[in-house]
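Working notes, structure below.
Both backbone and side-chain heavy atoms feed into the values below; hydrogens, waters and symmetry mates do not.
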Amino acid sequence: MCIRGRTQWKKRFEFQVYGELGAVEISGLGGSYGVEQMTVFKRPAEGGAPDVERNEFPGKDVSWEREWAEFKSAVTEGRRSLGSVEDGVSAMRLIDAMYRSSQTQSRVSLR
């Protein structure tokens with residue numbers, strides 16, 4: 001018996017979401033994982049090759065630092081942070097719909 005396999009020796013980060021009308025691919029985390037990139041594919045209604053938009057985000061990712069600074073200032077200033085309870089509920093509905101769609105392999109309405 002001969003077993004052949006391949007191993008990717010390079011550090012990689014990839015995230016892909018596909019739908020009927022398009023897809024998003026995200027790769028890289030900076031550093032040894034490569035430059036952060038986002039590629040958006042939009043499928044034309046009439047069919048054919050998708051429109052492709054690629055974006056690169058070189059340099060240090062400061063999004064977590066900015067988010068944490070916003071949260072701390074909202075607490076110390078006694079104000080509500082960006083977003084609301086309704087935003088959180090909407091996000092959870094979206095996540096639930098994604099799981100249901102994956103399980104049933106069918107389209108799920110968010111309404």
Side-chain angles (χ1 to χ4, degrees):
M1 174 188 238
C2 179
I3 299 175
R4 292 185 184 193
R6 295 181 185 210
T7 302
Q8 177 66 23
W9 293 100
K10 180 180 174 187
K11 292 181 180 180
R12 296 180 69 160
F13 174 82
E14 294 179 341
F15 181 78
Q16 303 164 343
V17 177
Y18 295 91
E20 291 180 17
L21 302 177
V24 175
E25 293 182 354
I26 298 172
S27 64
L29 290 172
S32 61
Y33 286 89
V35 174
E36 293 180 47
Q37 299 177 341
M38 179 176 70
T39 306
V40 178
F41 301 87
K42 294 181 183 175
R43 183 174 161 225
E46 64 277 0
D51 296 324
V52 179
E53 178 185 336
R54 286 188 172 82
N55 296 288
E56 286 194 357
F57 305 94
K60 182 181 175 190
D61 179 2
V62 295
S63 59
W64 175 249
E65 293 161 5
R66 288 180 179 170
E67 186 174 340
W68 185 242
E70 168 59 25
F71 175 76
K72 288 193 299 187
S73 70
V75 170
T76 57
E77 296 169 15
R79 62 180 170 80
R80 287 179 63 172
S81 187
L82 300 175
S84 65
V85 171
E86 292 81 15
D87 290 340
V89 171
S90 293
M92 294 308 295
R93 283 189 179 130
L94 175 62
I95 292 167
D96 178 64
M98 292 169 67
Y99 276 114
R100 287 187 287 130
S101 177
S102 176
Q103 290 171 346
T104 63
Q105 294 295 302
S106 63
R107 183 181 296 189
V108 174
S109 176
L110 293 175
R111 297 170 205 221

Are [X] and [Y] connected, step by step, through hydrophobic side chains (Ile, Leu, Val, Met, Phe, Trp, Tyr) whose heavy atoms are closer than 4.5 Å?
X	Y	answer
Val35	Val52	no
Phe15	Phe57	yes
Val75	Trp68	yes
Met92	Leu94	no
Tyr33	Ile26	yes

Item to check | Pairwise distance OG1(Thr104) to OH(Tyr99) - rounded to 0.5 angstrom | outcome: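 So the gap between those two atoms works out to 14.5 Å.
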Next on the checklist: To the closest 0.5 Å, what do you measure between CE (Met38) and CD (Glu25)?
Outcome noted: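 Between Met38 CE and Glu25 CD, I get 11.5 Å after rounding to 0.5 Å.
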Item to check | Residue pair Ser102 / Gln105: nearest heavy atoms and the distance that separates them | outcome: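 In terms of heavy atoms, the two residues are closest at O-NE2, 2.7 Å.
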Checklist entry - So, for Pro44 and Pro50, which heavy atoms are closest and what is the spacing to 0.1 Å? => result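 That closest heavy-atom pairing would be CD-CA, 3.8 Å.
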Checklist entry - If you count the non-hydrogen atoms of other residues, nucleotides and ligands that lie under 6.0 Å from CZ in Arg100, is the total more than 12? => result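 Atom CZ in Arg100 is crowded, with more than 12 foreign heavy atoms closer than 6.0 Å.
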Next on the checklist: Would you say that more than 12 heavy atoms from the other residues, nucleotides or ligands in this model lie under 6.0 Å from the CD of Glu14, or not?
Outcome noted: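 For Glu14, atom CD is crowded (more than 12 foreign heavy atoms under 6.0 Å).
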Item to check | Donor-acceptor contact below 3.5 Å, side chain Arg43 vs main chain Glu20 | outcome: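 Side chain of Arg43 to backbone of Glu20: a pair is present.
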Item to check | Any donor-acceptor N/O pair, Ser101 side chain to Ser106 backbone, under 3.5 Å | outcome: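 A pair under 3.5 Å: yes.
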